[in-house]
Amino acid sequence: MPKKKLDSVEQFQEVLKQGQPFLLIKHSLTCPISQGAFAEYEKFVKDYPNVDTYYLYVQEARPLSNYIAETFGVKHESPQALLFENGSVVWHTSHWNITYDTLKKEVMKS
């Protein structure tokens, strides 16, 4: 299953309603740290195409990014990785901690 871009709260709610675990990446188009994290994420997605995964561009989806932070009580950071299960955030990390190995370890646990 390829990665999919989310732009709106409505799109996010549709994904949440499906009830499947999924990984979400918040990516900043202007941050070098975020570029590195997104590259690690893309390597992970390539090797694990069966993982349900989504991303958003913070600059293009600010309302969605804020909605996720407020709804799930996870302070907004960028870049940020969030793992959702049963409608809740079960794991999250940010910045230099978003690596291929970290994603593999956390996502493949679920």
Side-chain angles (χ1 to χ4, degrees):
M1 175 158 304
K3 63 187 193 281
K4 295 184 243 25
K5 185 176 169 210
L6 296 177
D7 294 304
S8 70
V9 171
E10 292 75 22
Q11 286 177 321
F12 175 78
Q13 288 173 333
E14 282 302 312
V15 171
L16 210 55
K17 258 195 265 184
Q18 293 168 14
Q20 298 298 317
F22 66 94
L23 175 67
L24 175 71
I25 300 290
K26 289 185 178 185
H27 175 47
S28 168
L29 297 167
T30 55
C31 170
I33 297 170
S34 198
Q35 298 295 336
F38 202 73
E40 292 286 306
Y41 161 69
E42 289 188 310
K43 276 192 277 184
F44 171 77
V45 169
K46 189 171 158 235
D47 287 354
Y48 296 92
N50 57 332
V51 172
D52 214 0
T53 179
Y54 301 86
Y55 65 95
L56 65 82
Y57 293 146
V58 175
Q59 288 87 341
E60 296 175 1
R62 181 85 53 197
L64 173 56
S65 182
N66 292 342
Y67 171 83
I68 292 168
E70 290 160 17
T71 304
F72 298 95
V74 177
K75 180 177 161 284
H76 165 75
E77 296 189 74
S78 168
Q80 187 172 45
L82 302 109
L83 183 61
F84 291 84
E85 282 182 26
N86 302 315
S88 300
V89 174
V90 295
W91 172 81
H92 64 91
T93 194
S94 68
H95 293 84
W96 299 114
N97 295 324
I98 301 172
T99 65
Y100 177 93
D101 291 336
T102 303
L103 293 174
K104 180 179 171 186
K105 177 177 166 258
E106 295 299 330
V107 174
M108 302 319 284
K109 268 199 300 201
S110 58

Kindly write out the residues that satisfy side chain to side chain contact (heavy atoms under 4.5 Å, CB included) with [X], not counting sequence neighbours, or none if the list is empty.
{"X": "Gln59", "answer": "Ser28, Leu29, Thr30"}
{"X": "Glu42", "answer": "Lys3, Phe38"}
{"X": "Glu77", "answer": "Lys75, Gln80, Ser94, His95"}

Which pair of heavy atoms, one from [X] and one from [Y], lies closest together, and at what distance?
{"X": "Leu82", "Y": "Ile68", "result": "CD2-CG2, 4.4 Å"}
{"X": "Ala81", "Y": "Ile98", "result": "N-CD1, 3.6 Å"}
{"X": "Ser34", "Y": "Lys26", "result": "OG-O, 4.4 Å"}

Nearest 0.5 Å please: distance from the [atom1] atom of [X] over to the [atom2] atom of [Y].
{"X": "Asp101", "Y": "Phe44", "atom1": "CG", "atom2": "CZ", "result": "10.5 Å"}
{"X": "Leu103", "Y": "Asp47", "atom1": "CG", "atom2": "CG", "result": "11.5 Å"}
{"X": "Lys109", "Y": "Trp91", "atom1": "NZ", "atom2": "CH2", "result": "9.0 Å"}
{"X": "Leu6", "Y": "Tyr55", "atom1": "CG", "atom2": "OH", "result": "9.0 Å"}
{"X": "Leu64", "Y": "Thr71", "atom1": "CG", "atom2": "OG1", "result": "9.5 Å"}
{"X": "Arg62", "Y": "Leu56", "atom1": "CZ", "atom2": "CG", "result": "10.0 Å"}

Is there a side-chain contact between [X] and [Y] in this structure, where contact means two heavy atoms from C-beta onward sitting under 4.5 Å apart?
{"X": "His27", "Y": "Gln35", "result": "yes"}
{"X": "Glu106", "Y": "Val90", "result": "no"}
{"X": "Val107", "Y": "Tyr48", "result": "no"}

message: With a 3.5 Å distance limit and no angle check, can you tell me whether Ser65 reaches the backbone of Val58 through a side-chain donor-acceptor pair?
response: no
- prompt: How about Phe84 and Phe12: are their ring centroids closer than 6.0 Å?
  reply: yes
- prompt: Is there a path of hydrophobic side-chain contacts, each under 4.5 Å between heavy atoms of I, L, V, M, F, W or Y residues, that connects Tyr100 with Trp96?
  reply: no
- prompt: Are Ile33 and Ile25 connected, step by step, through hydrophobic side chains (Ile, Leu, Val, Met, Phe, Trp, Tyr) whose heavy atoms are closer than 4.5 Å?
  reply: no
query: Is the number of heavy atoms from other residues, nucleotides or ligands under 6.0 Å of Lys5 NZ greater than 12?
result: yes
